[in-house]
Number of protein chains: 2
Amino acid sequence: MRPFTDMTRAAQLPQRSVIPVNTIGRLSLYRRLLSDQLATGARQVFSHQLAALAVTTAPQVRRDLMTIGFSGSPRRGYAIADLVTAIDDVLVRSVETAVALVGVGNLGRPVLAYYANRQPIRFAAAFDRAPEKTGRVLHGCRCYASDQMTEVVAREQIHVGVIAVPAAEAQAVCDQLVLAGVKGILNFAPVRLRVPAGLHVENVDLMMALDRVAYFAHEHR
Amino acid sequence: MRPFTDMTRAAQLPQRSVIPVNTIGRLSLYRRLLSDQLATGARQVFSHQLAALAVTTAPQVRRDLMTIGFSGSPRRGYAIADLVTAIDDVLVRSVETAVALVGVGNLGRPVLAYYANRQPIRFAAAFDRAPEKTGRVLHGCRCYASDQMTEVVAREQIHVGVIAVPAAEAQAVCDQLVLAGVKGILNFAPVRLRVPAGLHVENVDLMMALDRVAYFAHEHR
DNA sequence: GATTATCTGTGAGATGTCTCACAGCATGAG
DNA sequence: CTCATGCTGTGAGACATCTCACAGATAATC
C-alpha cells in the first residue's frame, strides 16, 4: 500500500488566484470612475453610488471591495483616495509593466496609439515581420525585427505581449512570446491560443463581440 | 377561486434567452474555425477536434451544439457544412444586420476598417459631431451629422449601434441611439452605459483587458 | 448479419459567481 | 453621554455554468 492513499484530495495548490477574473475587471472600472470622482472634489463614496456609476449593484461593490480587503466606514462610506491606492496595489498599477506589441499593422497601430503613455503601462518594444518597419519609432516605441524578440524581451524585462497579427500567424507569435519569457498575453487575433497551463491569455475578439450584439439585438424586438 | 390558481409558476416568459451568452461567443468562434476547416477540404469533425481548435473541452463543444439543437452522428462526428449553416441561423448571420458607427475618430476609423465588408454585417451609416466629416464616405459608409441619427437609423433599418466616442460623451450618444430605436450596442468607450432593461450592451474595454493581463502576469511568476 | 469500437447526447453533480437580508457599528443629534 | 440612523461586512442561499461519466447509437469489420 502506497502512502497517502486515503487522501481524497491532494492539498490544493494555492496558485488559483483568490480574486475572481470578473472582480479584477470591475476593479479596473471602479478605479477609473473613482479617479473621475476625485477630480470633481469628492472624497468619500457609498457603495450604492459607486454601483450606480459602474452600473452594478451595491452588494456587488461591497463584495468586490471585501475581496481585496478594503474597508469602509458605516455612515461615511469609502475613502476614495485610499481606495484608488488599494486598487492600484491589487492591479499591478503601482509598478510599471513593460509590454511588447507584435504586429504593427492596421490593428496594431491604433492599439499602440490607444495605450500610448497610459501609466503604468509602458510599451517597451514593438515587433514586425516587415523589415522596412525595423528601427522606426511610433508613439515612443521602437520597432524591432521578430528574431530579436527573445533578446529584447529579456533586456527590457517585458512581462506582457500584445498580439495584433493575422489569425494565421498568431499561434506562432504566441509561442515565440512564451519562449521569450512573457507572463501574460493580450490577443486581438480571432483565434484561441494554446499556452502552457497557468499563463493568462486575454482575448479581445471583435468579430465575436459583434456576433453577440447582433444575436441579442434580434432576440429582444 | 380563480382558475389556474395552483400553477406554482406562471408560464415562463420566453424573453430570457435559452442560449447562454458564453455559448453565443463560442458559437461565433466555432463558426470561424469550421469555415477554415471546410476550406482545407474537411467535411466531418469530431467534438474533440473542434475542442482542440477552440481550446476548450469536448463535452463543452457537445453541450454547446446540443444547446442549439444540432445533432452529430456517432463514429462520423458532425457535418461541417450543415453545422456552419446551423450556427449562422442561431447567430443572426443568415440575415444582413445593419449597423451604425458613432464617432469617426482614432478608434472609430480602425473599427470601421476592421469590420468593413464582413458579411453579413453592413455598416449602413456613421455619425460624427465634427461637421467637416459630414458627407464623407469611408469604407463604403457615409458619414452623417449627429442630429440626423433618428431619421437615418429608421430609414436604413439599423439594429445595432457601435459607440467609439470619448468616455464623457458615450452615455449621451447611447441615449440618442436607444431613442432612435437601436436594439443592441457595442461600446468601445471605457464607461458602463445605462440602458433600458433587456437591451443588450457588449463592452470592449481595452484598458480593463490590459489591467487583467497585467494582474495575472504578475500572479503566475 | 453479428460484433466491436468509438463517438454522441445528456443527467447529475461540482464549481464558481451573484444576490439577499440582516447583524453590527460608526457617526451625528439631542 | 445616550440614542437613532443608515451604511458596511458577510453568511447563506440562489443561480448559472461547466465537468464528468456513461448509456445509447451507428458505422466499419469480419
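Side chains are part of it too, since the values below use all heavy atoms of this structure and drop only hydrogens, waters and symmetry mates.
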- Separation of B:Leu65 atom CG from C:dC7 atom P, in whole Å? 16 Å
- Check whether any side-chain N or O of B:Gln49 sits under 3.5 Å from a backbone N or O of B:Phe46 as a donor-acceptor pair, and report yes or no. yes
- Message: Tell me the interatomic distance from A:Arg62, atom CZ, to C:dT17, atom C1', rounded to whole angstroms.
- Response: 17 Å
- Task: Please list residues of residues 40-61 of chain B whose heavy atoms come under 4.0 Å from any atom in DNA chain C, ordered by number; otherwise none.
- Result: B:Phe46, B:Ser47
- Message: C:dA26, OP1 or OP2 - any side-chain N/O from A:Tyr78 closer than 4.0 Å?
- Response: no
- Query: Is there a side-chain contact between A:Asn187 and A:Val204, using heavy atoms and a 4.5 Å cut-off?
  - Reply: no
- Query: How long is the line joining CG of B:Asn22 and P of C:dC18, in whole Å?
  - Reply: 12 Å
- Quick one: does B:Ser28's side chain have a donor or acceptor within less than 3.5 Å of a partner on B:Ile24's backbone? no
- Query: Of A:Asp64 and A:Ser73, whose nearest nucleotide on DNA chain C comes first from the 5' end?
  - Reply: A:Asp64
- Query: A:Ile19 CD1 to C:dC18 C1': how many Å, rounded?
  - Reply: 17 Å
- Task: List the steps, then state whether side chain to side chain contact (heavy atoms under 4.5 Å, CB included) holds for A:Val92 with A:Val95.
- Result: CA-CA 6 Å; A:Val92 189; A:Val95 301; 3.2 Å; yes
- Message: Atom CG of residue position A:Asp175 - does it have more than 12 heavy atoms of other residues, nucleotides or ligands inside 6.0 Å?
- Response: yes
- Message: In whole Å, I'd like the distance from the CE atom of A:Met66 to the C1' atom of C:dT19.
- Response: 14 Å
- Provide, to the nearest angstrom, the distance between the CZ atom belonging to B:Arg75 and the P atom belonging to D:dT26. 13 Å
- What is the distance, rounded to the nearest whole Å, between atom CZ of B:Arg63 and atom C1' of D:dA16? 13 Å
- Message: On the nucleotide C:dT17, are OP1 or OP2 found under 4.0 Å from the side-chain N or O atoms that A:Arg26 carries?
- Response: no
- Task: Test the A:Arg118-A:Tyr114 pair against the cation-pi criterion, namely NZ or CZ under 6.0 angstrom from the six-membered ring centroid and within 45° of the ring axis.
- Result: yes
- Residue pair A:Ile87, A:Leu34: steps toward the side chain to side chain contact (heavy atoms under 4.5 Å, CB included) verdict: CA-CA 10 Å; A:Ile87 295 178; A:Leu34 292 168; 4.2 Å; yes
- Item | Rounded distance in Å - CZ (A:Arg76) to P (D:dG9) | 14 Å
